[in-house]
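In the text below, chain A, chain B and the rest are named by the order of the sequence lines, each starting its count at 1. We use all heavy atoms of the structure for the numbers below, so side chains are in, but hydrogens, waters and symmetry mates are not.
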2 protein chains.
Amino acid sequence: MLKEERQQLILEKLGTDKKVTLVELGQILNVSYDSVRRDVIELEDRGLLKKVHGGAIANSYLSMKASRGLGIANNEFNIITKKAQKLIENHSIVLMDGGTTNFYIAEQLPKSLEITVVTNNPHLATALAEHPKIEVILLGGSFYKRYQITLGNKTMQDLEHINADLYFMGINSIHSQKGLAIRQYEESLLKQKMMSVAKKTVSCVIEEKMNRIENYKVCDVDDLDYLVTSLNPNEKILQPFKGKSVEIL
Amino acid sequence: MLKEERQQLILEKLGTDKKVTLVELGQILNVSYDSVRRDVIELEDRGLLKKVHGGAIANSYLSMKASRGLGIANNEFNIITKKAQKLIENHSIVLMDGGTTNFYIAEQLPKSLEITVVTNNPHLATALAEHPKIEVILLGGSFYKRYQITLGNKTMQDLEHINADLYFMGINSIHSQKGLAIRQYEESLLKQKMMSVAKKTVSCVIEEKMNRIENYKVCDVDDLDYLVTSLNPNEKILQPFKGKSVEIL
DNA sequence: CAAACTATTGCAATTTTTTGCAAATTCACT
DNA sequence: AGTGAATTTGCAAAAAATTGCAATAGTTTG
């Protein structure tokens, strides 16, 4: 069995199931787990999937683009999107970075909205081509394949010239004491910069990201202006955030 | 067994199975593996399949034709791509802008190539994620939805800091007297800037773009260093370009 | 027609890539 | 904090690719 053949099958399975375990794959493909693991690593480097402990899950951008046409609505994302939209004023300058949640919000923006979106995420830029009234500014810099965003000095410099009204910060984890954190060091710097050039910062987090702690802290919960979740305001998981200065939606 | 006969059989098998291994082919065709391997290399050069370690897999957009048993003409884009690749040296900085031809060339670049690609085309950036050894720099600026590239002052400024070795210029029309032209005024300015920051400029044009005249002239044919076409060098359509200083491939 | 040239093919030696194994480490979950 | 599962790392065997070379067949040229 050819390596490419295996990888193709992995992607196919991932396309239907959204997730696979290495054990599963090893059995189906009838090769050692090591080979499967190496395949998965390779595919991750190409940005075609995301590797997790014990297996892999489908690339969020790819699967979203695929599911968009089918009208498959993800409930949690939809709730968040609805709430987030209320924060966006017409004729404002909105800063958005990478991450699935931001991508989803951008896609669902009303077609009538006249705003300028500044982003370091090319997927978001191309997706917004469908919105005739939204102007898109793409931040330049070196392109990080793994996270599919631009990063680095150039991107930071570009930001100096931006004065945004609102910043949608994508985040990997949020914790009432330890604050908001992310997996990449460089990315955490960029996010801090973005906060500094925006009047207000909002973070939209899905439930699975709450009360986890990722590697690099971006800021404290108190530094946020708004926190958007899909949860009901008096869920117990939200209680630790209540005393903070952040407004919870 | 004739070479042509073998190659025909390889394509047929590939049309039905989508993949073949060299061992398999060597047994069926009853020739040395070396011969099979050379056949596969030849077919890959003509863009009719994709060679991988241990065998070959079908070229998606050609497999349909092949399964119908049609004789497949060489693909115009593939011929151009092969010629264009010869111009790219390892460890060089390559500038590429928008356009289908450039996108295709980028996609087909060998996986082993170690270069830096600078582009104002987000699609190209994400497509190049498949190439682990290629570094991608995305030029920032306002995103021009119609042509899916970034454009404007910011993009121009970003270019000031680039010293590229080679520039692949996408173009809408080429004419021996009227030069190379494009539909958008802003884009023509950008292309001129790109030429000025690259040591050499190459344009890859498909036949339908030859001897037409679009709205905004970018430069004269003489200003190009290389002109890549799918045509045979002594085609009559190429004669008017012969006296020029440009090298025709 | 013969000599020179070219293209094709197979073989052998060398290098590269892939693959599976095992030991040591890290991770996730109770 | 401990325990089993998953991952990482180094390593070695196997498979495949590359290269140079020589033999053969086919083509061109004088």
Inset, instruction - Please determine which of B:L227, B:I105, B:V94, B:L166 meets the side-chain contact (heavy atoms from CB on, under 4.5 Å) test together with B:V202. - result: B:L166

Inset, instruction - Among C:dG10, C:dT8, C:dT19, find the nucleotide with the atom closest to the side chain of B:S35. - result: C:dG10

Inset, instruction - Ignoring backbone atoms, establish whether A:R6 has a side-chain N or O less than 4.0 Å from OP1 or OP2 of C:dT19. - result: yes

Inset, instruction - Return the value, rounded to whole Å, for the distance between atom CG of B:L29 and atom P of C:dT8. - result: 17 Å

Inset, instruction - On DNA chain C, check which nucleotide each of A:Y33 and B:Y33 is closest to and give me the residue with the more 5' one. - result: B:Y33

Inset, instruction - Report, as yes or no, whether the 6.0 Å neighbourhood of atom CG on B:N163 holds more than 12 heavy atoms from other residues, nucleotides or ligands. - result: no

Inset, instruction - Ignoring backbone atoms, establish whether B:K51 has a side-chain N or O less than 4.0 Å from OP1 or OP2 of D:dA16. - result: no

Inset, instruction - Please confirm whether any donor atom in the side chain of B:R37 sits under 3.5 Å from an acceptor in the base of C:dG10, or the reverse. - result: no

Inset, instruction - Can you tell me the distance, in whole Å, between the CD atom of A:E42 and the P atom of C:dT19? - result: 9 Å

Legend entry - Test item: A:D223 side-chain N/O and A:D220 main-chain N/O as donor-acceptor pair under 3.5 Å: yes

Inset, instruction - Under 4.0 Å between any heavy atoms, over every strand shown, what does B:V36 touch: base, sugar-phosphate, or nothing? Just pick one. - result: nothing

Legend entry - side-chain contact (heavy atoms from CB on, under 4.5 Å) partners for B:K199, two or more places apart: B:D165

Legend entry - Per-nucleotide protein contact string for nucleotides 22-30 of chain C (B base, S sugar-phosphate only, - none; heavy atom under 4.0 Å): B----SS--

